[in-house]
There are 2 protein chains.
Amino acid sequence: MSNNQFKRGELYSVVNGMATTAVARRLQKNFRNAGLDITIEQWSVLYHLWKEDGLSQLELGNRTFRDKASTTRLIDNLEKQELVVRVASKEDRRINLVYLTDIAKPLQQITYELANQTMNEALLDITKEEIDIVKNVFQRVYDNLTNKDLL
Amino acid sequence: MSNNQFKRGELYSVVNGMATTAVARRLQKNFRNAGLDITIEQWSVLYHLWKEDGLSQLELGNRTFRDKASTTRLIDNLEKQELVVRVASKEDRRINLVYLTDIAKPLQQITYELANQTMNEALLDITKEEIDIVKNVFQRVYDNLTNKDLL
DNA sequence: GACATATAGTTAGTTATGCAACTAATATAA
DNA sequence: TTATATTAGTTGCATAACTAACTATATGTC
């Protein structure tokens, strides 16, 4: 069960929607203009840390649909760029808690602005009912497949 | 414009739907049992060749949402496994036409069977109307974003 | 307490991805 | 017809993906 999770490479786009790509592209371009070379994948990790700082690597992997090996290396790279630090948990020393640095924190504002703006453009003429149907269909397809151990 | 195409890593899942993953997993497991180690990505190329043999690399890249560099290397690997051969086009010698070998051809039957079976399981209780709505929403999100050059 | 088991994370190995710079062949324009 | 631009494909580079094997810490059971 614990090993029966989504894999990012295959399903991330579905789960997060097509607009994610556009948001990430825009962010990437913007960060690059500001001298920061952040990949789309790294951005997805930062995004979750802005929502909740100090997550464990495993939890970050779950939230971004990555296995732990991929998560390890993504955080390696983020640490190299000093956007993030690993801190061993006091309660359980197996666990690394990941915290944003002072370099990463100010990026949140512009990220959110760009994300909102892009989402609004992407979903311009899509109604709430349609979004609900799409979500519901995905959930049922997912259920149908996981029931058969196919995902 | 020509460079403004989908990139597989980001959008393949959306375009082809979640069920693709399950189909590919099942195929991969089955092929492996038969001694053939075909990756999910390689399978996606074979799939299009079964539909239409002798496509150019560029056309294969378009149909599988990959850039030409990725396509080159996927076909390298398929050629190593002798599932596919490159033949220079007589009309335009820049073009490589990609053909299935006699090893690859018989795999089509089992592939299609598994794909149908998996699709039926995935879409078990989804109605045609719902599928149409999902497709339509994707198309409109895609249009909204490409209109702004965001994809 | 000791031994087996589970969990968090790392490392190694292979494939894949995207960008950019390149080669070779073809098409266009002067 | 020669110079220029375009097109198809390849190669180099860095990042990322997944699997499997590994280390270290924690938990459970006898």
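This one's a predicted model, so the numbers in the text were calculated from it and none came from an experiment.
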Tabulated below should be each protein N or O lying under 3.5 Å from an N or O of nucleotides 20-24 of chain D; please produce it.
none

Taking 4.0 Å as the cut-off, does a side-chain nitrogen or oxygen of [X] come that near to OP1 or OP2 on [N]?
{"X": "A:Arg66", "N": "D:dA16", "result": "no"}
{"X": "B:Thr72", "N": "D:dT10", "result": "yes"}
{"X": "B:Ser70", "N": "C:dG18", "result": "yes"}

Exercise. On DNA chain D, nearest-nucleotide positions of B:Asn96 versus A:Glu91: which is more 5'?
Worked result: B:Asn96

Problem set entry | Residues that A:Asp76 engages under side chain to side chain donor-acceptor pair (under 3.5 Å), provided they are two or more places apart | A:Arg86

Seminar exercise, completed: Residue set satisfying side chain to side chain donor-acceptor pair (under 3.5 Å) with A:Lys51, at least two apart, ordered chain then number -> none

Exercise. Is a side-chain donor-acceptor pair under 3.5 Å present for B:Asn77 with B:Arg73?
Worked result: no

For this session: Establish, from distance only, whether the side-chain atoms of B:Ser89 and B:Asp92 form a donor-acceptor pair under 3.5 Å.
Result: no

Could you state the [atom1]-[atom2] distance from [X] to [N], rounded to the nearest angstrom?
{"X": "A:Asp67", "N": "D:dT19", "atom1": "CG", "atom2": "C1'", "answer": "8 Å"}
{"X": "A:Lys90", "N": "D:dT25", "atom1": "NZ", "atom2": "P", "answer": "17 Å"}
{"X": "B:Leu60", "N": "D:dT10", "atom1": "CG", "atom2": "P", "answer": "12 Å"}
{"X": "B:Arg93", "N": "C:dA25", "atom1": "CZ", "atom2": "P", "answer": "6 Å"}
{"X": "A:Asn62", "N": "C:dT7", "atom1": "CG", "atom2": "P", "answer": "13 Å"}
{"X": "A:Asp92", "N": "D:dT25", "atom1": "CG", "atom2": "C1'", "answer": "7 Å"}
{"X": "A:Ile75", "N": "C:dA8", "atom1": "CD1", "atom2": "P", "answer": "14 Å"}
{"X": "A:Leu74", "N": "D:dA17", "atom1": "CG", "atom2": "C1'", "answer": "10 Å"}

Problem set entry | Side-chain (A:Gln42) to main-chain (A:Thr39) donor-acceptor, under 3.5 angstrom | yes

For this session: Without swapping roles, check the side chain of A:Glu130 against the backbone of A:Thr127 for a donor-acceptor pair under 3.5 Å.
Result: yes

Problem set entry | Over all atoms of both residues, closest heavy-atom pair of A:Asp53 and A:Lys105 | OD2-CE, 4.3 Å

For this session: Answer yes or no: is there a side-chain heavy-atom contact under 4.5 Å between A:Ile38 and A:Leu83?
Result: yes

Problem set entry | Presence of salt bridge, B:Arg66 and B:Glu41, under 4.0 angstrom | no

For this session: Kindly state which residues belonging to residues 76-87 of chain B come within less than 4.0 angstrom of DNA chain D, counting heavy atoms of the residue only, listed by number.
Result: B:Arg86

For this session: Please work out which of the three classes, parallel, tilted or perpendicular, describes the rings of A:Tyr112 and A:Tyr47, given edges at 30° and 60°.
Result: tilted

For this session: Could I get the full list of salt bridge (Lys or Arg N to Asp or Glu O under 4.0 Å) partners for A:Glu113, not counting sequence neighbours?
Result: none

Problem set entry | Straight-line distance of A:Tyr99 OH to A:Leu55 CG, nearest 0.5 Å | 9.0 Å

For this session: Name the nucleic acid region contacted by B:Thr39, choosing base, sugar-phosphate or nothing; use a 4.0 angstrom heavy-atom cut-off, strictly under.
Result: sugar-phosphate

Problem set entry | Sugar-phosphate, base or nothing in reach of A:Arg73, heavy atoms under 4.0 Å | base

Exercise. Taking the side chain of B:Glu41 as its heavy atoms from C-beta onward, which of C:dG9, D:dG9, C:dT17 lies nearest to it?
Worked result: C:dT17

For this session: Note the angle between the end axes of the helix from C:dG1-D:dC30 to C:dA30-D:dT1, five pairs defining each, rounded to 10 degrees.
Result: 20°

